[in-house]
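I have placed the structure first, in the form of structure tokens, so that the comments after it can refer back to it.
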Amino acid sequence: MTRTPQEVALLVKRLQHRHHRELTAALAPLGISLVQWDTLRHLDRHPEASLHDLALLTFQTDQSFGSLATRMADRGLIERVPGPGRAVRHRLTERGKELLREGTEIHEKVVTGSFAPLAPDELDRLGDLLSGVLDAWDD
């Protein structure tokens, strides 16, 4: 069977949508959304990132990320700290770090389960194929 690029794109989108639904439901008992967990993850990986950089990493606009960051700061998940010049940086609080750890365990279970039907070499091949497509796009 030969698949068209449109069919493959739809399969990628369906998998992404399924991950989103499953992760949203699984993270709900922690009191955080997938977008909030993703923010915690990127803030942990990029502690000096600007608000703009974090917005890009989380696939949001600067304005929507700014609103999200304000809500997360109000809940005590992150804190705002002065940066160079007028810049404001964000940092994880202890509560944010705890939710990141708990959410990461959930994320790993959901994603690992979704790819369980693939043998390790198939998973590697899928990763290589997707990386190749993304690398070509970035050139």
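Sequential numbering from 1 along the given sequence is applied to the chain's residues.
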ask   = With E108, which residues qualify under salt bridge (Lys or Arg N to Asp or Glu O under 4.0 Å), at least two apart?
value =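 If we apply the salt bridge (Lys or Arg N to Asp or Glu O under 4.0 Å) test to E108, skipping adjacent residues, there are no hits.
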
task = Report the residues that fulfil salt bridge (Lys or Arg N to Asp or Glu O under 4.0 Å) with K109, sequence neighbours left out, ordered by chain and then residue number.
result = none

key: Within one Ile-Leu-Val-Met-Phe-Trp-Tyr cluster: L130 and L15, side-chain cutoff 4.5 Å   = yes

Run through the side-chain heavy atoms of Ile, Leu, Val, Met, Phe, Trp and Tyr, join any pair under 4.5 Å, and report what else lands in [X]'s cluster.
X	result
F59	none
V133	none
L100	L23, L27, L30, I32, L34, V35, W37, L40, L43, L51, L54, L57, F65, L68, M72, L77, I78, L92, L99, I106, V110
M1	none

Those residues that, when tested against [X], pass side chain to side chain donor-acceptor pair (under 3.5 Å) (two or more places apart):
X	result
E98	R95
R89	none
R101	none

message = Which heavy atom of A55 sits nearest to which heavy atom of D62, and what is that distance?
response =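 It is CB-OD1, 3.6 Å.
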
ask   = Within a strict 4.5 Å, meaning less than it, do heavy atoms of the H19 and S114 side chains meet?
value = yes

query = Does the side chain of R45 come within less than 4.5 Å of R41's, by heavy atoms?
reply =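 Sidechains of R45 and R41: in contact.
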
query = Just how far is it from atom CZ of R91 to atom NZ of K97, taken to the nearest 0.5 Å?
reply =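 The distance works out to 8.5 Å.
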
inquiry  = With no hydrogens and no angle check, just 3.5 Å: does a side-chain donor-acceptor pair link T58 and Q60?
reply    = yes

ask   = With T4, which residues qualify under side chain to side chain contact (heavy atoms under 4.5 Å, CB included), at least two apart?
value =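 With neighbours one apart ignored, the set is Q6, E7.
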
task = Sequence neighbours left out, what passes side chain to side chain contact (heavy atoms under 4.5 Å, CB included) with R80? Give chain and number order.
result = A69, T70, V88, H90

With a cut-off of 3.5 Å and sequence neighbours excluded, list every side-chain donor-acceptor pair involving residues 115-129.
| unit_1 | atom_1 | unit_2 | atom_2 | d |
| --- | --- | --- | --- | --- |
| E122 | OE1 | A119 | N | 2.7 |

